[in-house]
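Every chain is numbered from 1, with letters handed out A, B, ... down the list of sequences.
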There are 2 protein chains.
Amino acid sequence: MQTLGQQARQASTILASASTLVKNNALFAIYSALESQQQDILKANQIDVQQGIAQNLDAALLDRLELTPARFEAMLAGLKDVISLTDPIGEITDLAYRPSGIQLGKMRVPLGVVGMIYESRPNVTLEAASLALKSGNAIILRGGSEALHSNQAIAQAIKEGLKTSGLSEYCVQVVNTTDRAAVGQLITLSEYVDVIVPRGGKGLIERITREATIPVIKHLDGNCHVFVEAQADFSKALPIALNAKTHRYGVCNAMETLLVDEKVAADFLPQIAALYAEKNVELRGCPVTQQILGEACIAATTEDWATEYLAPILAIKVVTGMDEAIQHINHYGSHHTDAIITENFSLARQFLARVDSSSVVVNASTRFADGFEYGLGAEIGISTDKIHARGPVGLEGLTSQKWIVLGDGQIRQ
Amino acid sequence: MQTLGQQARQASTILASASTLVKNNALFAIYSALESQQQDILKANQIDVQQGIAQNLDAALLDRLELTPARFEAMLAGLKDVISLTDPIGEITDLAYRPSGIQLGKMRVPLGVVGMIYESRPNVTLEAASLALKSGNAIILRGGSEALHSNQAIAQAIKEGLKTSGLSEYCVQVVNTTDRAAVGQLITLSEYVDVIVPRGGKGLIERITREATIPVIKHLDGNCHVFVEAQADFSKALPIALNAKTHRYGVCNAMETLLVDEKVAADFLPQIAALYAEKNVELRGCPVTQQILGEACIAATTEDWATEYLAPILAIKVVTGMDEAIQHINHYGSHHTDAIITENFSLARQFLARVDSSSVVVNASTRFADGFEYGLGAEIGISTDKIHARGPVGLEGLTSQKWIVLGDGQIRQ
């Protein structure tokens, strides 16, 4: 791992000042290599899938692991998107004169070396590698053992693409061991790695955060809320509450708890419950909700308020108004994405200011909290921290800024 | 410390949505309290100074510790500057429509609770407290034991100011123990503290970085360079090289190594050496420098290239050109502030892009790398890291941004 780190650091210093053309050419060369090696990669993936079946991996994991031809196409399309993104590196902003006569601005620069730790989905290998390259960072990728053959095959194509384009093959390195100790080594390689991006289960991310000696860009879970305020327009509230819960269940920006103002609960809850019933969503409500919905709703416990179900289950709480809703969200939520549905201007403004989440939404679905929807092109992760990057993290989250000073001989008085 | 943390967290949630008027009123009330308690504060400071003399503290430390009436005035003037700064909190930027119809932007928010650890200079207590308040953050301050009475007296005035203005006194808390264990507790209080800002000697900062479980905004040292390139205009290079070294010696943005292109070394070095001689600056040079300057210069060792002297000592190296200069700076430097003096447009551009420092300067003194000179109003620290904040850290470095989404009922397709 020490060697990988040294190679990555060395590659990163050259990559940091590579031109946009060189980086895009490398990404195009990777595209071609992937295209021509599609069959090998899909075969390698089948080995992983067969091993997974033999090892009784659960169905969701197997599904994420599998690379179908359609998914392979989507992976290539994602790479094209990254190629078409504006290169953030070297961008100079805020260049303005100071009273001393110096001209001061900020220039965007890469972080250096990114360490990525992830599970199952092999397309993450390409996604992360392409975002790192485009932002001028070297990357060390440590995928899950269940996807080893797939990741190695994709890595092989990336390596060939890099070689063709003249960039160092060490710009992207995939750890070729399933040794668990490799993770521990990677997250303490502070001399060579500048940031760790983990993607996976809460257990993995908690362990990494605890043990890393390098800054970590992470989110632990997505316990998202929709608050249907008393002045909500039901023609917006109903489709949003339905979409936020049922559009996809296993995603971090799905709603897990619905909050409803007591003034409209008796009217709103039966209407939304009917829609959820069609989708077989299990409802767990507070006593007031249960009273309104009767048998359609079982009792929620305190634990429900803090749970990310990632499943067709929804917690519902009737609240006395804005203050209780905001307190509930800031207390039980995971600071990921929370929405209010209201036509009241002042309450919308208050909700935006007071909810302490990485995305705060008025009159739209929580499902929009996503790198593609936000126009970042792709995302390397989602951060629920406040330091450095927050919310969906795209190219910009993999960069820093340095100050630049231009003068005509100015000295400090 | 646990209690201090809880109180700070609680205070921070209210402070986060306090209006600009409320925060400025609190700062004005603190100003008045400090003014009326000036004599008590200066008396408390004299106790610290007398104890310091009795304990044989070194002269530089005693100097930093002392609050003269003039320094007290400067401290109050600094507070007025912070009051007049634009409130960064709530600022919404980049609000633009996405193809889905949602309107996406970013809103600036406080980090939450800042933990500040510092040594000797009691005016840091007020500086840090005022920057934290203005940016909507609660702060826990842990000053050095040598300044305990001074810090407590200043804290008393701050507390009264907060009370008068109606904000919680727990917005600013000064740890009133000199117990060394308090630092260890503060830097691991991850539940209640969001960021640690240490200011002090390298040993202190290294220890904090190693042991903290909370992100740290830090710089270890300032080993800054000026590179006099072959096409330098000597009428700029001479005053800048003089100013960068001799304007103040004990500061992190002072030049510690002068690099000179071999093509102009024989011409430039004798001229600048004559200026340094007037200021009694000791010169330590590479063999070529020694050959040119003769007895005016002793031999530099490899250690000199890596040393932050903070004294009237300067290392000098003659280099073969840009590449060697940049390699030297990126290898031996501390990524703080480095300057090139040149009239060559392309080389200036290259230097800006390739030098990996928090401030990169063309044709001006390194001494400009400072929160006041950069227009930040004041600085809570200087960061040589790339994560979150880099270079002088003012109000903005104490904030984060959250995404805001405004819609008319949009759902994800």
Side chains of A:Ser359 and A:Tyr374, donor plus acceptor under 3.5 Å: yes

Which atoms of B:Leu104 are under 4.5 Å from chain A, going by heavy atoms: the side chain, the backbone, both sets, or neither? side chain

Mind telling me whether A:His336 and A:His219 have parallel, tilted or perpendicular rings, with 30° and 60° as the class edges? perpendicular

Assert top hit (heavy-atom pairs under 4.5 Å, partner chain A, pool B:Gln350, B:Arg210, B:His247) equals B:His247

With a 4.5 Å cut-off on heavy-atom pairs, point out which of B:Ala212, B:Ser190, B:Gly407 contacts chain A the most. B:Gly407

Is it true that, when you exclude B:Gln10 itself, more than 12 heavy atoms of the residues, nucleotides or ligands shown sit nearer than 6.0 Å to its CD? no

Check whether A:Pro99 gets within reach of chain B through its side chain, its backbone, both or neither, counting any heavy atom under 4.5 Å. neither

Under 4.5 Å heavy-atom distance to chain B, tell me which part of A:Asp370 shows up: side chain, backbone, both or neither. side chain

Per-residue tally against chain A (heavy atom, under 4.5 Å) across B:Glu373, B:Arg248, B:Arg354 peaks at B:Glu373

Chain A contact via B:Pro239 - which portion, at a heavy-atom distance below 4.5 Å: both

Assert top hit (heavy-atom pairs under 4.5 Å, partner chain A, pool B:His388, B:Arg412, B:Lys106) equals B:Arg412

Testing the 3.5 Å rule here: is there a donor-acceptor pair between the side chains of A:Asp233 and A:Ser235? yes

Scan side-chain atoms only and decide if A:Asp385 and A:Ser383 contain a donor-acceptor pair under the 3.5 Å cut-off. no

Counting only heavy atoms closer than 4.5 Å, note whether B:Val360 contacts chain A via side chain, backbone, both or neither. both

Given heavy-atom pairs under 4.5 angstrom as the criterion, report whether the side chain, backbone, both or neither of B:Asn330 touches chain A. neither

Pick whichever of B:Ile240, B:Leu406, B:Leu242, B:Ile387 has the most heavy-atom pairs under 4.5 Å with chain A. B:Ile387

Is it the backbone or the side chain of B:Gln413 that comes under 4.5 Å from a heavy atom of chain A, or both, or neither? backbone

Ion pair check, B:Lys236 and A:Asp408, cut-off under 4.0 Å: no

Quick one: what part of A:Asn253 sits under 4.5 Å from any heavy atom of chain B, side chain, backbone, both or neither? side chain

When the 4.5 angstrom heavy-atom criterion is applied to B:Leu352 and chain A, the contacting part is both

B:Ser358 and B:Arg390: side chain donor to acceptor below 3.5 Å: no

Please report the shortest heavy-atom distance between B:Pro392 and B:Gly371, naming the atom on each side. CB-N, 3.7 Å

Nearest 0.5 Å please: distance from the NE2 atom of B:His335 over to the CG atom of B:Leu220. 10.5 Å

Sort A:Val216 into side chain, backbone, both or neither according to what part of it lies under 4.5 angstrom from a heavy atom of chain B. neither

Is A:Phe372 close to chain B through its backbone or its side chain, or both, or neither, when contacts mean heavy atoms under 4.5 Å? backbone

So, A:Asp194 and A:Arg9, do they make that salt bridge, N to O below 4.0 Å? yes

Heavy-atom distance under 4.5 Å to chain B: side chain of A:Ser357, backbone, both or neither? backbone

Stepwise side chain to side chain donor-acceptor pair (under 3.5 Å) check, A:Asn137 with A:Ser135: CA-CA 6 Å; A:Asn137 292 285; A:Ser135 57; 2.9 Å; yes

Part of A:Ile102 lying under 4.5 Å from any heavy atom of chain B: side chain

